[in-house]
Amino acid sequence: MSTGSLFEGGIPNEIASEIEDIRKRINRANFLYYVKDQPEISDAEYDRLMRRLQDLENEYPEAVTPDSPTQRVGAIPQTEFAPYQHAVPMLSLANAFDADELQAFDERCKRFLGMDRETPIEYVCELKFDGLACSLTYRGGILVAGATRGDGFQGENITENLRTIKAIPLNLHHSRRESPDAKAVPPVVEVRGEVILEHDEFRRINEEREINGEPTFANPRNAAAGSVRQLDSRITARRNLTMFCYGVGAYDGVDFDTHYEILCALGDWGFKVNPNIKVAGNIDEVVAYMNEWETKKESLPYDIDGMVVKVNSLDLQTRLGSVSRSPRWAIAYKYPAHQATTVIKEIRVQVGRTGALTPVAIMEPVEVSGVTVSRATLHNEDEVHRKDVRVSDTVVIQRAGEVIPEVVEVVKEKRVGDPEEFTMPDKCPVCGADVERAEGEAVARCVGIACPAQIRGRMIHFTSRNAMDIDGVGPALLDQFIDNGLIHDPADLYSLTIDQIIPLERMAKKSAENAINAIEVSKNANLSRLIYALGIRHVGERTAASLAQHFGSIEAVRNASEEELAEVQDIGPVVARSVAKFFDQEETTEVLRKLKEAGIDPTEEARRETEEFAGKTIVFTGAMEKLTREKAQELVFKLGANPSSSVSKNTDLVVAGDKAGSKLEKAISLGVKVISEDEFLEMVKQAGVEID
DNA sequence: ATCCCTCGAGTTCA
DNA sequence: CTCGAGGGAT
């Protein structure tokens with residue numbers, strides 16, 4: 001066995017230098033790709049280098065060092081994380097929720113420093129990433145430890161996991177900059193930042209989990225936190241996390257004058273520093289930055305939940321110091337939260353007009369994006385079990401599409417004891433009739449014929465805006481009619497007299513007249529509205545319009561056989577059976593008789609095919625000024641077009657009003673023609689119709 | 001049998 | 001707005 005010049009520590013010299021060379025090239029490629037977003041070598045070339053290094057290291061295991069790029073693939077599973085004591089505590093920041101509170105922060109700083117109000121303080125504004133705060137410790141420029149923030153004083157040692165994140169340098173660069181203020185890599189430095197997951201990667205992970213039947217993550221932040229705290233770092237390695245660095249904890253052997261200098265130095269050393277940083281000369285510029293990002297944040301490929309404002313001068317920072325657990329020299333401006341946590345007080349079961357039983361979560365009221373929310377639908381029994389929502393649970397809620405509240409997930413760690421699982425009652429909570437859930441269906445239904453909840457629901461539907469449009473007769477008034485035995489079915493509305501209404505609670509003469517008047521006006525409703533108003537299962541606005549067009553009168557629909565019904569466009573066996581069954585019922589015959597008696601027997605106006613609209617599929621979105629969406633749909637239908645509610649490649653035209661949302665986006669991405677309300681009205685005029 | 005497109009139904013708050 | 005399911009095309 002020969003030793004000597006050819007061998008060093010058991011490794012041939014030329015091998016040692018090749019290993020070193022490959023590592024340098026891989027590190028540089030990683031830096032350019034993950035930190036700078038400007039790759040210089042191809043993926044294939046990168047893979048080739050990686051494989052060569054892996055081979056060499058397999059052959060010479062002594063050559064493996066902790067900062068070798070091969071070590072990013074993850075280590076074997078751990079049983080738990082060791083606690084990690086932060087040398088300098090990772091403090092939390094005080095919050096500001098609007099511009100006034102930022103101004104107050106500025107004044108507080110000045111007062112504390114004994115400055116007059118006119119002298120501006122320089123601030124650094126940064127985006128506040130919605131991820132997991134972590135700290136990285138480097139000795140001699142090599143990553144030796146990484147930890148979560150934890151409670152600020154003690155976190156968890158997750159070095160192995162953080163090592164797998166490609167945006168984190170395993171060894172620090174010596175500054176590439178020539179400028180005299182460039183900082184050399186210090187012997188010891190603790191760097192802080194936020195580990196996040198970009199939207200694309202978040203989506204990819206959830207799709208993968210969905211396929212594997214695993215629960216999906218509610219948001220990128222949760223996914224990032226879950227990934228970073230994996231006991232098996234090989235899983236973390238597959239999650240493509242990234243990290244933005246924004247500060248330092250303990251450090252030695254380097255001097256800084258400002259926070260901005262620190263950020264520049266971090267960039268020089270090879271960390272990923274977010275480019276959207278602004279040095280603001282005064283607090284007004286800070287407010288401008290905040291306003292600017294309120295909308296611009298939507299276009300970022302990752303989530304931010306606000307911004308961070310820091311006094312730039314480290315000297316001033318030191319003079320300001322800290323109060324309890326947060327520094328006086330920094331503040332976090334938080335955008336209004338789109339999510340919040342609250343507690344489930346009760347899971348109530350509602351009965352709809354079709355008898356559908358819907359579980360609804362009644363929650364401790366909580367503010368979500370500007371409104372107080374206290375209830376949210378849980379859709380159906382399966383949904384409740386899927387999310388495993390139980391009474392007394394703490395849940396995360398959000399407003400879907402910025403409007404309708406929904407329960408995102410249960411915070412399992414906060415569950416106390418073992419609350420009972422939700423079960424759908426087997427008797428209707430309103431009328432006590434049996435509850436049935438059809439084979440393969442998601443909804444359970446009350447089978448009661450005379451269920452008051454269903455009757456009430458049918459009445460509300462009958463009078464609703466898109467049905468008979470009886471303005472001034474709302475749910476409260478209908479309840480009184482029903483409770484006083486004045487009406488039993490929708491047709492009874494037409495035999496109500498003003499003397500019957502006036503004695504009712506909170507009913508002035510004027511409102512009574514209005515109600516009677518609105519009922520009278522509704523007699524003019526067209527056939528499709530009447531069919532829709534009857535509330536036949538599976539018959540909504542579109543199907544009602546089809547039936548009206550095809551048959552022309554209620555009588556004709558009633559006399560149609562199941563087979564004849566199924567011949568109508570868009571009506572198949574299920575809908576045909578439902579319609580036939582509806583008209584077979586004695587109650588229906590009775591209602592129709594009473595309606596006719598009241599003079600309600602509309603015929604459908606034939607559609608007038610126009611050149612402009614015939615055969616076109618049109619979607620209306622957003623708020624329009626001159627017309628309601630419903631009126632517009634009715635109008636174009638009469639002119640031969642097919643109004644639709646969703647945009648697809650079959651859509652010919654999208655009319656976008658004010659504040660149009662996802663439908664407009666979809667139309668643009670599909671290349672569907674989009675016009676404004678004014679252009680639409682012009683088209684209508686061309687078609688020879690006047691709008692009042 | 002399977003996929004895609006639509007429609008229907010239920011829901012929240014100011 | 002979203003989910004589930006019916007209808008029709010493939």
Side-chain angles (χ1 to χ4, degrees), chain A residues 338 340 342 347-363 365-384 386-387 397-408 437-446 453-454 456-458 460-461 464 466-467 475 528 531-547 565-579 582 617-623 629 633 637 642-652 659-666 670 672:
Chain A
H338 295 283
T342 184
I347 298 177
R348 198 176 288 170
V349 175
Q350 282 182 186
V351 183
R353 78 179 158 91
T354 62
L357 267 59
T358 311
V360 176
I362 309 294
M363 301 166 298
V366 67
E367 178 119 342
V368 193
S369 37
V371 293
T372 310
V373 169
S374 61
R375 39 197 298 150
T377 177
L378 293 167
H379 301 292
N380 56 53
E381 191 176 12
D382 291 347
E383 181 78 3
V384 182
R386 206 174 308 139
K387 289 182 175 161
I397 59 170
Q398 70 180 14
R399 302 219 294 153
E402 311 284 270
V403 186
I404 295 167
E406 69 175 347
V407 173
V408 180
R437 183 170 163 189
E439 181 78 19
E441 289 216 341
V443 290
R445 291 197 145 81
C446 158
Q454 291 185 52
R456 176 172 188 268
R458 279 203 292 271
I460 294 171
H461 173 74
S464 69
N466 298 339
S528 48
I531 294 175
Y532 172 63
L534 292 173
I536 306 165
R537 274 255 269 154
H538 298 124
V539 178
E541 281 174 278
R542 283 303 298 270
T543 313
S546 290
L547 288 168
L565 287 163
E567 279 167 26
V568 180
Q569 185 65 227
D570 293 327
I571 293 181
V574 176
V575 180
R577 192 168 320 123
S578 167
V579 174
F582 177 84
T617 299
I618 303 183
V619 174
F620 294 91
T621 181
R629 214 176 310 179
Q633 289 183 350
F637 180 79
N642 300 308
S644 172
S645 53
S646 54
V647 178
S648 75
K649 61 178 194 289
N650 302 331
T651 310
D652 295 301
K659 285 199 221 148
S662 60
K663 282 184 216 168
L664 178 57
E665 272 173 44
K666 194 164 177 197
L670 288 172
V672 175

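Computation of the quantities below employed the complete heavy-atom set of this structure, encompassing side-chain atoms and omitting hydrogens, waters and symmetry-equivalent molecules. First the proteins, then the strands, lettered A, B, ... as listed; each starts at 1.
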Nearest-Å distance, [atom1] ([X]) to [atom2] ([N])?
X      : N     : atom1 : atom2 : result
A:K387 : C:dT2 : NZ    : P     : 12 Å
A:Q633 : B:dT6 : CD    : C1'   : 13 Å
A:I536 : B:dA9 : CD1   : P     : 10 Å
A:L378 : C:dT2 : CG    : C1'   : 14 Å

[options]: which one has an atom nearest the side-chain heavy atoms of [X]?
X      : options               : result
A:A356 : B:dC5, B:dG10, B:dC13 : B:dG10
A:T543 : B:dA9, B:dC7, B:dT11  : B:dC7
A:K649 : B:dC4, C:dG6, B:dC7   : B:dC4
A:S648 : B:dT6, C:dG8, B:dC7   : B:dT6
A:Q350 : C:dG4, B:dG10, B:dT11 : B:dT11
A:R386 : B:dC7, B:dC5, C:dG4   : C:dG4
A:R353 : B:dT12, C:dG8, B:dA9  : B:dA9
A:R542 : C:dG7, C:dG8, B:dG8   : B:dG8
A:V360 : B:dA14, C:dG4, B:dT12 : B:dT12
A:V373 : B:dC5, B:dA9, B:dC13  : B:dC13

**Asked** When all nucleic acid strands are considered with a 4.0 Å heavy-atom cut-off, which category describes A:E541: base, sugar-phosphate, or nothing?
**Response**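 Sugar-phosphate, backbone atoms only, no base.
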
**Message:** Using a 4.0 Å heavy-atom cut-off, does A:V443 contact any base of the nucleic acid, only the sugar-phosphate backbone, or nothing at all?
**Reply:**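 Counting heavy atoms under 4.0 Å across all strands, no contact is made by A:V443.
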
With a 4.0 Å limit, can you tell me whether [X] has a side-chain N or O closer than that to the phosphate oxygens OP1/OP2 of [N]?
X      : N      : result
A:T358 : B:dT11 : yes
A:S644 : B:dC7  : yes
A:N380 : C:dC3  : no

**Prompt:** Do A:Q633 and A:N466 come close enough that some side-chain heavy atom pair is under 4.5 Å?
**Reply:**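 No - every pair of side-chain heavy atoms lies 4.5 Å or more apart.
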
